[in-house]
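Contents: one structure, followed by commentary.
In the text below, chain A, chain B and the rest are named by the order of the sequence lines, each starting its count at 1.
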Number of protein chains: 2
Amino acid sequence: MRKRKVPDVVINRLPLYLRVLAEIDAEQSPIISSFELGERTGITPGQIRKDLSFFGVFGKQGVGYEISTLRVELCRILHLDRVVNVGLVGVGKLGEAFLRYGAGRQREVLNREGLIIKAAFDQDQQKIGRRIAGVEILPVEQLPELITQLRLSIIILTVPAGVAQSVFDTCVASGIKAFLNFAPVKLQIPAGIRVHHADFTLQLESLAYYS
Amino acid sequence: MRKRKVPDVVINRLPLYLRVLAEIDAEQSPIISSFELGERTGITPGQIRKDLSFFGVFGKQGVGYEISTLRVELCRILHLDRVVNVGLVGVGKLGEAFLRYGAGRQREVLNREGLIIKAAFDQDQQKIGRRIAGVEILPVEQLPELITQLRLSIIILTVPAGVAQSVFDTCVASGIKAFLNFAPVKLQIPAGIRVHHADFTLQLESLAYYS
DNA sequence: TAGATTGTTAATCGATTAACAATC
DNA sequence: TAGATTGTTAATCGATTAACAATC
C-alpha cells in the first residue's frame with residue numbers, strides 16, 4: 001500500500017521537527033531557516049532539507065520556512081491532522097504506569113497532536129470497568145470488535161511476554177498497522193506492519209557497556 | 001578512553017543475544033550455531049558472527065558456540081560481570097511508574113544481570129525518605145556526593161523537561177557516562193557520554209505515519 | 001542587484017550482506 | 001575423511017554529508 005520510499009529514519013525525525021516548531025511557534029519571526037531548526041533539533045541543516053524534500057517543497061529559497069505552514073505540512077504527512085485513536089493492551093504494572101504517565105503533561109502534548117488514548121484492555125475481570133486516568137478498561141476478549149468500533153489505529157502493547165505474540169496477531173488481524181511494544185520479546189512481524197520497541201531491559205543492559 | 005571502534009548498533013544487539021542465550025541455557029544442546037541464534041533473535045547469522053568478531057574469537061569452526069562460554073563473554077563485554085548500580089532522578093508520575101515496573105518480573109531479569117536500581121532522587125521534601133518498590137528516595141541536592149558514595153554508574157532521567165539539562169550536567173560532572181533519558185528534550189551531550197532516549201511522545205507521533 | 005538559503009545532486013561514509021577459505 | 005560452521009574479506013546497500021546551482 002504505502003510506497004516503501006521514505007526511509008523510517010526520516011519518519012522518526014519528523015516529530016522532532018514538529019516539536020521544535022510547536023515550541024517556538026511564531027515566537028519572534030514567523031520564518032525559520034534550516035540552520036536554526038538544525039540548532040534546535042541537533043540535526044544538520046542539510047539533513048533537514050533532505051528529509052523535507054521527500055515530501056515536497058515547503059521553503060522559499062533565500063528566505064527559509066514559514067513556521068505555521070511547515071507545522072501544518074508535517075502534521076499532514078504524519079497523519080496528525082486528524083484524530084488518531086490509541087489503545088493500550090495489558091493493564092499490569094507497566095500498562096497502568098503508562099496510562100498515568102500519559103495523564104500528565106505529555107497527554108496534553110499528545111492530544112494537541114490528535115493522539116487520543118481511547119481505551120485500555122485487560123483480561124482480569126476485576127479490572128474491567130475501572131478507569132485509570134480517565135481511560136476505561138475493557139475486556140480483552142472483545143478486542144477485535146472494539147478496535148473497529150472505537151476506530152483504534154495504534155496499539156500500545158504492555159502485556160506479559162508470554163501472550164504478546166498472540167495479542168499482536170489479534171490486533172494485526174483486526175487491521176492495526178502500528179504498535180508500540182513494551183513486551184521483552186521478539187515478535188514475528190508481517191510485512192507492512194510497523195513496530196517500535198521500547199525495551200528498557202535491553203536498553204539498560206547496553207548502557208552498562210558505556211558505564 | 002574507550003576506543004570508538006565498536007559501532008553502537010553492535011553494542012545494542014549484544015543484550016539481545018544474551019537474552020536468548022539465557023532463555024535456552026543448555027536447554028538441550030550446550031552448543032548453539034549462529035544460524036539458530038539468528039532464528040531466535042531475528043538477526044542474520046552473518047551479522048551475529050561479525051558482531052562477535054569485534055571482541056574476539058568465541059566459536060569453534062564446524063561446531064558453533066558453547067552457550068555458557070558465550071554468555072560469560074557477553075556479560076564481560078557489557079560489564080555485566082560485576083554489579084552495576086543504577087540511580088533514578090525524578091520521582092514524578094513517570095519515575096514512580098518506572099520504579100514500580102522495574103519491581104516486577106523485569107527487576108529479576110535486571111538483577112540477574114547485575115543491574116541494581118540502587119536509589120531514587122527527588123527535590124520534594126514530602127517524598128524524601130519514602131520507599132517505592134523497595135527503592136529509597138533521597139534528596140536530589142545530595143546527588144553529587146551520593147553518586148560517588150553509592151557508586152552509581154547509570155542514571156535514569158525521569159525529571160521534567162525544564163530541569164533535565166541541569167540534572168544531566170550535574171550527573172556528568174559527578175562522573176556518570178551512561179543515561180537513559182525519558183525527558184522530552186534535546187540534551188547538550190559532551191563527547192564520551194552515552195544517552196539512550198526513550199521518548200514515548202515522539203515514538204507515538206512517528207507511529208501515526210504508519211497507522 | 002546582492003545576499004541568503006533552499007532543493008538537489010554527487011561524494012562519502014558506515015553498516016549489512018554475500019561468499020568462501022580456514023578448520024574443527 | 002566428509003560435513004558443518006566459523007571468522008573474515010569483499011561487494012552491496014543505504015544513509016549522511018558536502019557542495020552548489022537555482023532562485024527568492
Side-chain angles (χ1 to χ4, degrees), chain A residues 2-14 16-17 20-21 24 28-74 77 186 189 194 206 209, chain B residues 2-14 16-17 20-21 24 28-71 73-74 77 186 194 206 209:
Chain A
R2 170 155 295 112
K3 299 104 225 145
R4 299 253 87 260
K5 243 179 31 204
V6 183
D8 292 333
V9 279
V10 173
I11 300 299
N12 292 162
R13 281 191 292 264
L14 300 186
L16 191 59
Y17 304 153
V20 167
L21 293 173
I24 60 169
Q28 331 157 334
S29 165
I31 302 287
I32 194 170
S33 70
S34 60
F35 294 88
E36 196 183 344
L37 191 50
E39 289 255 308
R40 301 219 187 208
T41 54
I43 312 291
T44 62
Q47 185 153 108
I48 291 172
R49 297 200 300 276
K50 184 132 220 296
D51 285 354
L52 295 178
S53 77
F54 279 101
F55 305 99
V57 168
F58 305 117
K60 254 204 188 69
Q61 276 147 323
V63 182
Y65 301 89
E66 204 194 337
I67 293 171
S68 61
T69 308
L70 192 53
R71 281 186 76 181
V72 169
E73 290 294 338
L74 285 174
I77 293 163
K186 183 211 153 202
I189 302 169
R194 179 80 183 156
S206 62
Y209 177 80
Chain B
R2 169 154 297 111
K3 299 105 227 144
R4 300 253 84 263
K5 242 177 31 204
V6 183
D8 292 333
V9 278
V10 174
I11 301 298
N12 291 164
R13 280 192 292 264
L14 300 186
L16 191 59
Y17 304 153
V20 168
L21 293 173
I24 60 169
Q28 326 155 339
S29 165
I31 302 288
I32 193 170
S33 70
S34 60
F35 294 87
E36 196 183 344
L37 191 49
E39 289 255 308
R40 303 220 186 206
T41 55
I43 312 290
T44 62
Q47 185 153 105
I48 291 172
R49 296 199 302 274
K50 184 133 220 296
D51 285 353
L52 296 176
S53 76
F54 279 102
F55 305 99
V57 167
F58 305 118
K60 254 203 187 69
Q61 276 147 323
V63 182
Y65 301 89
E66 205 195 338
I67 293 172
S68 62
T69 308
L70 192 52
R71 281 187 76 180
E73 290 294 337
L74 286 173
I77 292 162
K186 183 211 154 200
R194 179 81 185 154
S206 62
Y209 177 80

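Residue B:Gln47 places its side chain closer to C:dT17 than to any other of D:dG7, C:dT17, D:dA15. Listed nucleotides D:dT17, D:dA15, C:dT16 differ in distance to B:Val9; the shortest reach to its side chain belongs to C:dT16. In this structure, of D:dT5, C:dA19, C:dG7, it is C:dG7 that holds the atom nearest to the side chain of A:Arg49.
Heavy-atom distances under 4.0 Å link DNA chain C to B:Lys60, B:Gln61, B:Gly62 of residues 52-63 of chain B, given in residue order.
Minimum heavy-atom separation, B:Ile77 to A:Tyr209: O-CD1, 3.2 Å. The two residues B:Ser206 and A:Asn12 have their closest heavy-atom pair at OG-ND2, 3.5 Å. The shortest heavy-atom contact between A:Lys186 and B:Glu39 is NZ-O, 3.2 Å.
We find that NZ of B:Lys50 is positioned 14 Å from P of C:dA18, with the value rounded to whole Å. For the pair A:Ile48 CD1 and D:dT16 P, the interatomic distance rounds to 12 Å; values are reported in whole Å. B:Ile43 has its CD1 atom 15 Å from the P atom of C:dA15, to the nearest Å. The distance from atom CG of A:Asp51 to atom P of C:dT9 is 16 Å, rounded to the nearest whole Å. Rounded to a whole Å, the CD1 atom of B:Ile32 is 14 Å from the C1' atom of D:dT6. The separation between A:Glu36 atom CD and C:dT5 atom P is 10 Å, rounded to whole Å. Put simply, CD on B:Glu73 is 16 Å from P on D:dT6, counting in whole angstrom units. Rounded to whole angstrom, the span from the CG atom of B:Asp8 across to the P atom of D:dA15 amounts to 18 Å.
Side-chain contact check for A:Leu21 versus A:Leu37: some heavy-atom pair is nearer than 4.5 Å. With a 4.5 Å cut-off on side-chain heavy atoms, B:Tyr17 and B:Thr41 count as touching. At a threshold of 4.5 Å between non-hydrogen side-chain atoms, the residues B:Leu74 and B:Phe58 do not count as touching. Contact check for A:Arg194 versus A:Ile11: no side-chain heavy atoms found under the 4.5 Å cut-off.
Atom OG of B:Ser53 is separated from atom CD1 of B:Ile48 by 12.0 Å, given to the nearest 0.5 angstrom.
The side chain of B:Tyr65 places an N or O atom within less than 4.0 Å of a non-bridging phosphate oxygen (OP1 or OP2) of D:dG7. Not one side-chain nitrogen or oxygen of B:Ser34 sits closer than 4.0 Å to the OP1 or OP2 atom of D:dT5.
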Begin from the C-alpha positions of B:Arg49 and B:Leu52 and carry the test side chain to side chain contact (heavy atoms under 4.5 Å, CB included) through to its verdict.
CA-CA 5 Å; B:Arg49 296 199 302 274; B:Leu52 296 176; 6.0 Å; no
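Nearest-nucleotide assignment on DNA chain D puts the 5′-proximal partner with B:Ser33, out of A:Thr44 and B:Ser33.
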Strand DNA chain D as a dot-bracket string - pairs counted if Watson-Crick or G-U with both distances under 3.5 Å, | where the partner lies in another strand:
..||||||||||||||||||||||
